[in-house]
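First the proteins, then the strands, lettered A, B, ... as listed; each starts at 1.
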Protein chains: 2
Amino acid sequence: MLDTTGTLQHVDLDNFTTEAGISLPVRIAYQAWGTYRGDNVVLVEHALTGDSDAATWWEGLIGPGLALDTDRYCVVCTNALGGCKGSTGPSSERPNGFWGSQFPALSIRDLVHAEAQSLSALGIEQLHAVVGGSMGGARALEWAALYPQRVHAAAVIAVSARASAWQIGIQSAQIAAIEQDPAWRGGDYYRYAAPIEGLKTARRIAHLTYRGELEIDERFGTDAQPGENPLGPYRNPNQRFAVQSYLDYQGNKLCERFDAGSYVILTEALNRHDIGRDRGGLNKALASIQVPIFVVGIDTDILYPYHQQEHISRNVGNLLGMAKVSSPVGHDAFLTETRQMDRILRRFLTLAADLPAEN
Amino acid sequence: MLDTTGTLQHVDLDNFTTEAGISLPVRIAYQAWGTYRGDNVVLVEHALTGDSDAATWWEGLIGPGLALDTDRYCVVCTNALGGCKGSTGPSSERPNGFWGSQFPALSIRDLVHAEAQSLSALGIEQLHAVVGGSMGGARALEWAALYPQRVHAAAVIAVSARASAWQIGIQSAQIAAIEQDPAWRGGDYYRYAAPIEGLKTARRIAHLTYRGELEIDERFGTDAQPGENPLGPYRNPNQRFAVQSYLDYQGNKLCERFDAGSYVILTEALNRHDIGRDRGGLNKALASIQVPIFVVGIDTDILYPYHQQEHISRNVGNLLGMAKVSSPVGHDAFLTETRQMDRILRRFLTLAADLPAEN
């Protein structure tokens with residue numbers, strides 16, 4: 001039974017099979033808020049290093065009277081398969097040790113299938129809406145493609161219909177930085193120290209794709225970190241520009257809360273994101289989507305440039321609407337521009353409520 | 001005496017002092033083409049991993065009858081101080097071994113001072129034009145700021161008036177990838193194997209900043225590398241998308257021709273690029289530049305976005321003109337869009353020739 005107290009719960013699936021054919025038992029963690037009335041579930045999908053605590057990472061947007069109004073909707077958020085916040089991932093234990101390098105590769109579709117089976121186990125078949133940004137947006141779009149009968153409408157935010165070569169390239173460079181850390185040990189480091197230097201470098205790179213170039217520059221420019229001199233006579237990694245200190249901080253913060261193995265598995269799932277795979281190609285697959293899709297993009301997004309959301313909107317079979325977030329922040333704006341996201345999510349839910357009950 | 005046969009030559013400076021106060025003997029390599037007539041030198045400045053062989057890396061633009069017409073101009077190109085193609089850098093030997101970690105940090109100004117002193121040693125005081133893109137553009141702009149009496153006009157291509165925080169961030173991540181390679185040995189690896197894995201990762205990241213996101217995607221999309229399956233049941237770094245193979249190739253190619261120590265020193269020189277330093281701030285420093293400056297930008301440049309060239313053009317004291325390269329290629333377009341660069345360089349040199357002899 002669905003627990004809607006907002007506390008971390010989980011569902012066990014005895015036998016889950018990945019798109020590439022590996023079977024394993026998995027646990028999917030979730031949190032839920034509001035009262036379940038059968039037809040009022042809003043499924044919120046988190047981004048790469050997010051978790052099921054959507055009420056925290058989307059603070060101001062989920063709660064009584066807020067855009068995702070828990071007086072009206074039952075908001076559910078799962079932790080992605082492969083993650084490290086309650087769902088099974090590389091850092092999970094199994095009878096003979098940790099999964100580590102033996103954890104199967106995942107696709108975005110695998111994440112959605114595991115989530116769909118978990119919701120079924122909880123008795124939830126119909127979703128009033130699926131909403132997500134970035135990796136969460138990829139999952140929202142795959143929900144519409146994989147489970148059209150279960151999804152009333154979807155909001156697909158700051159993502160593309162498939163990984164671009166540039167994304168695959170920059171994401172693979174992050175994986176390489178982790179793999180090159182000797183502490184990585186081929187992915188089987190769980191009885192040892194974590195590969196934090198590799199994960200920090202990956203996060204530094206990633207963070208620069210999450211933030212707008214102008215916003216970063218306005219904040220830091222060429223300022224030295226207070227008390228440090230990045231212009232000294234010899235190279236010294238401890239004498240930094242302010243932006244280096246900021247990125248080190250972002251890297252350290254991530255290392256405290258996230259597992260390198262999950263980072264690698266989920267980053268590779270993003271590399272595998274492709275709505276067109278085994279569906280006759282990208283635009284045919286998009287055209288066949290009949291679930292009403294609301295597309296949201298950000299004008300300064302480096303990682304998922306706005307033309308990628310325009311591509312979805314031009315090709316998807318049933319476009320419910322489109323919105324653009326204006327922000328210097330870049331990709332992360334869907335998490336930080338709360339006022340704009342509030343208006344956008346309210347508009348989406350109004351349109352979704354006006355749709356006939358059958359899509 | 002200046003050798004204009006196009007073969008690699010060098011100048012030794014017994015005592016060079018860096019901006020941060022370190023003195024050392026340095027050698028600067030150069031190549032030159034055409035006939036030196038006292039007032040007809042066009043100094044070409046190479047980019048980060050370039051070298052003095054400008055006639056090769058700017059093929060089609062330097063030679064008899066070409067834009068940089070060697071029948072008319074004497075084209076000179078030095079290898080940057082800190083490099084590994086004939087000039088003194090971390091991989092150079094000194095009496096008690098290789099420089100390695102004892103090589104001083106450099107600024108773009110250091111590169112220009114060393115070049116200016118080398119040209120003086122060759123008897124060249126006046127430059128008809130200084131032309132460069134990327135790190136070469138940073139040097140061209142510093143030439144105008146440091147040696148206004150010696151520069152008749154400068155073409156500043158695909159660069160900014162100072163490093164942006166985003167550039168410092170992404171460039172520092174590249175340095176971190178190299179430093180985290182155990183083969184780096186703190187920079188003192190010259191008697192051992194080179195840190196090629198770190199340098200490869202750095203180059204993968206860098207290359208994605210040199211190329212337009214659309215161009216990379218149009219070439220590779222989500223294609224698998226022929227004979228490999230990036231969608232297999234388990235993660236496998238040997239099963240790649242085509243773009244991963246392409247970036248691996250770019251990384252391997254660089255490792256064959258470039259030294260990791262030079263890469264780190266020159267990347268950090270780019271981090272230190274700031275026309276405004278010790279000159280009363282960025283816009284005051286730009287306004288004080290009286291050498292006629294021709295600014296060139298590229299519409300799809302991720303690394304040095306076009307607004308940065310607009311910033312130079314709006315603030316520089318003596319704007320000779322501005323041009324925009326239209327290309328899907330991104331930053332590297334100044335090397336690849338030969339037809340457009342031909343027109344632009346001819347226009348620049350026509351304007352420069354029309355200027356009065358004294359600036």
Exercise. Answer whether the closest heavy-atom distance between the side chains of A:Arg204 and B:Gln174 falls below 4.5 Å.
Key: no
Practice problem: Just give me the residue among A:Asp181, A:Thr222, A:Asn236, A:Leu247 that pairs up with chain B most often, heavy atom to heavy atom, under 4.5 Å. | Solution: A:Thr222
Self-check item: Closest heavy-atom pair and its distance - B:Asn271, A:Phe241
Solution: O-CZ, 3.5 Å
Practice problem: Grab the two heavy atoms, one from B:Pro182 and one from A:Pro182, that are nearest each other, plus how far apart they are. | Solution: CG-CG, 3.7 Å
Quiz item: Do you know the tightest heavy-atom contact between A:Leu208 and B:Ile170?
Solution: CD1-N, 3.2 Å
Practice problem: Would you please test B:Gln244 and A:Gln171 for side chain to side chain contact (heavy atoms under 4.5 Å, CB included) and show each step? | Solution: CA-CA 10 Å; B:Gln244 290 177 276; A:Gln171 287 162 182; over 6 Å; no
Quiz item: Given that the side chain runs from C-beta out, which part of A:Glu268 has a heavy atom under 4.5 Å from chain B: side chain, backbone, both or neither?
Solution: side chain
Quiz item: Does the side chain of A:Thr201 come under 3.5 Å of the side chain of B:Gln180 through a donor N or O and an acceptor N or O?
Solution: yes
Quiz prompt | Distance (rounded to the nearest 0.5 Å) between A:Ile205 CD1 and B:Ser172 OG | solution = 11.5 Å
Quiz item: Highest number of heavy-atom pairs under 4.5 Å with chain B: which of A:Pro233, A:Gly251, A:Ala202?
Solution: A:Pro233
Quiz item: To the nearest 0.5 Å, how far apart are OG1 in A:Thr209 and CD1 in B:Ile302?
Solution: 11.0 Å
Quiz item: So which of B:Ile22, B:Ile175, B:Ile216 has the biggest tally of heavy-atom pairs under 4.5 Å with chain A?
Solution: B:Ile22
Quiz item: Is a side-chain N or O of A:Asp217 found less than 3.5 angstrom from the main chain of B:Ser164, in a donor-acceptor match?
Solution: no
Quiz prompt | Best-contacting candidate, A:Thr18, A:Leu282, A:Leu231, against chain B by heavy atom pairs under 4.5 angstrom | solution = A:Leu231
Self-check item: Within 6.0 angstrom of A:Tyr234 OH, more than 12 heavy atoms from elsewhere
Solution: yes
Practice problem: Give the member of A:Gly221, A:Gly276, A:Ala173 that has the highest number of heavy-atom pairs under 4.5 Å with chain B. | Solution: A:Gly221
Quiz prompt | Under 4.5 Å from any heavy atom of chain B - which part of A:Gln308 | solution = side chain
Practice problem: Count the heavy-atom pairs under 4.5 Å between each of B:Gln102, B:Arg219, B:Glu19, B:Arg211 and chain A, then report the option with the highest count. | Solution: B:Gln102
Exercise. Name the option with the most non-hydrogen atom pairs under 4.5 Å to chain A; the candidates are B:Ala20, B:Ala165, B:Gly187.
Key: B:Ala165
Exercise. Measure distances from A:His207 to the heavy atoms of chain B and classify the residue's part below 4.5 Å as side chain, backbone, both or neither.
Key: neither
Quiz item: What residue, out of A:Gly232, A:Ala176, A:Gly212, A:Ser101, has the most heavy-atom pairs lying under 4.5 Å from chain B?
Solution: A:Gly232
Quiz prompt | Stepwise side chain to side chain contact (heavy atoms under 4.5 Å, CB included) check, B:Leu214 with A:Trp166 | solution = CA-CA 8 Å; B:Leu214 282 168; A:Trp166 197 91; over 6 Å; no
Quiz item: Given the options A:Gly169, A:Ser107, A:Ala177, which has more heavy-atom pairs under 4.5 Å with chain B than any of the others?
Solution: A:Gly169
Quiz prompt | Contacting region of A:Phe103 [heavy-atom separation from chain B under 4.5 Å] | solution = backbone
Practice problem: Verify, without hydrogens or angle tests, whether A:Arg272 (side chain) and B:Pro230 (backbone) share a donor-acceptor contact under 3.5 angstrom. | Solution: yes
Quiz item: Step by step, would you call B:Arg235 with A:Glu179 a side chain to side chain contact (heavy atoms under 4.5 Å, CB included)?
Solution: CA-CA 12 Å; B:Arg235 292 193 58 245; A:Glu179 289 178 328; 2.7 Å; yes
